[in-house]
There are 2 protein chains.
Amino acid sequence: MAKKELNIEQKIKYVQDTLFVISGKWKLPIMMAVNNGNSRFRDIQRAVPNITTRVLSKELKDLEENRLLIRTVYDSLPVTVTYTVTPYCKSLKPMVDEMIKWGENHRAELKKAKTTTT
Amino acid sequence: MAKKELNIEQKIKYVQDTLFVISGKWKLPIMMAVNNGNSRFRDIQRAVPNITTRVLSKELKDLEENRLLIRTVYDSLPVTVTYTVTPYCKSLKPMVDEMIKWGENHRAELKKAKTTTT
DNA sequence: CATGTTGGTATCCTTTAAGTAACTGGCATC
DNA sequence: GATGCCAGTTACTTAAAGGATACCAACATG
């Protein structure tokens, strides 16, 4: 089967859909932290620099609603709550990897720009 | 040479850097439209559905400052202004391609979710 | 019995993104 | 001479994101 060729309007639409889900400072960092093995609320908070409890709490709910994370409550004493990534969340990996690459390169570009005195 | 292995904090930092540059509804769509051959202000506006002149104007300035677009003024009568993407802008392509793919798949996921009655 | 940890809420506030609408000057067309 | 195109600008408003701080119950540790 041949690759579908999308036109520019469709591409823009899909990119905007993606942006709608991942945009903002925190969603991807949170998913990365959870994926990296941080499953408890306070662990995630420690893994994501500078996030406040209020924002983390809100974002976790958002991500759960979007089926990107799963929240599990264990009725141990005291109750423990864990967050894990869904397979769907893992489907973001190729994109995130590209973002890491680009961000890394971007830092280098900024340095170059400074010294080059455009 | 071996791949550098980045730790989670570094990865998060780079992703946040990238998000800082591309976040928001409009920057990527604008770059995609320009890259697709729309170089005049009104052409870009027509190619990016629902964007207003005010927002387009602001975003174009932002993108120019970040070396992602080049603005050229021709002193013809009346003056014409064109925008073109920089090579640096083109370096975003792998990431954007992944975003298109993910957005396309996401629509399908949402449909599935509706019918599956979780 | 004071302090710390856990998983959060509740309030309040500031900042940023984005939208609405009107308007500009210069030229070209009807 | 009214209308329209081009490339925007200006002023105002609203909505959303994010941040600061305090607090809660339940337990555990010193």
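Since we're looking at a predicted model, the values are computed, not measured. In what follows, chains are A, B, ... by sequence order, proteins preceding strands, each numbered from 1.
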Give every residue pair that meets the salt bridge (charged side-chain N to carboxylate O under 4.0 Å, His left out) criterion with at least one member in residues 23-38 of chain B, sequence neighbours excluded.
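Residue pairs passing salt bridge (charged side-chain N to carboxylate O under 4.0 Å, His left out), neighbours aside: B/Lys27-B/Glu59, B/Lys27-B/Asp62.
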For residues 75-94 of chain B, which residue pairs qualify under salt bridge (charged side-chain N to carboxylate O under 4.0 Å, His left out), counting only residues two or more places apart or in two chains?
B/Lys93-B/Asp97
Provide, to the nearest angstrom, the distance between the [atom1] atom belonging to [X] and the [atom2] atom belonging to [N].
| X | N | atom1 | atom2 | value |
| --- | --- | --- | --- | --- |
| B/Glu59 | D/dG8 | CD | P | 15 Å |
| A/Leu63 | D/dA17 | CG | P | 12 Å |
| A/Leu56 | D/dG19 | CG | P | 12 Å |
| B/Asp75 | C/dC27 | CG | P | 13 Å |
| B/Ile44 | D/dG8 | CD1 | C1' | 12 Å |

Which pairs pass side chain to side chain donor-acceptor pair (under 3.5 Å) with one or both residues in residues 44-55 of chain B, sequence neighbours excluded?
B/Arg42-B/Gln45, B/Asp43-B/Arg46
Cut-off 3.5 Å, no hydrogens considered: what does the side-chain donor-acceptor table look like for residues 30-39 of chain B, sequence neighbours left out?
from	atom 1	to	atom 2	distance (Å)
B/Asn38	ND2	B/Ala33	O	2.9

Partner set under side-chain contact (heavy atoms from CB on, under 4.5 Å) for [X], not counting sequence neighbours:
| X | value |
| --- | --- |
| A/Val79 | none |
| A/Ile70 | A/Thr72, A/Thr84, A/Thr86 |
| A/Glu64 | A/Arg71 |

What residues in residues 24-34 of chain B put a non-hydrogen atom under 4.0 Å from any atom of DNA chain C?
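Under 4.0 Å from DNA chain C: B/Gly24, B/Lys25, B/Trp26.
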How would you label the contact of A/Gln45 with the nucleic acid (heavy atoms, under 4.0 Å): base, sugar-phosphate, or nothing?
nothing
Contact letters for nucleotides 3-12 of chain C, in which S counts primed atoms plus P, OP1 and OP2 and B counts the base, heavy atoms under 4.0 Å
---BBBBBBB
Does the pair A/Lys101/A/Glu98 count as a salt bridge with the N-to-O cut at 4.0 Å?
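Yes, A/Lys101 and A/Glu98 are salt-bridged.
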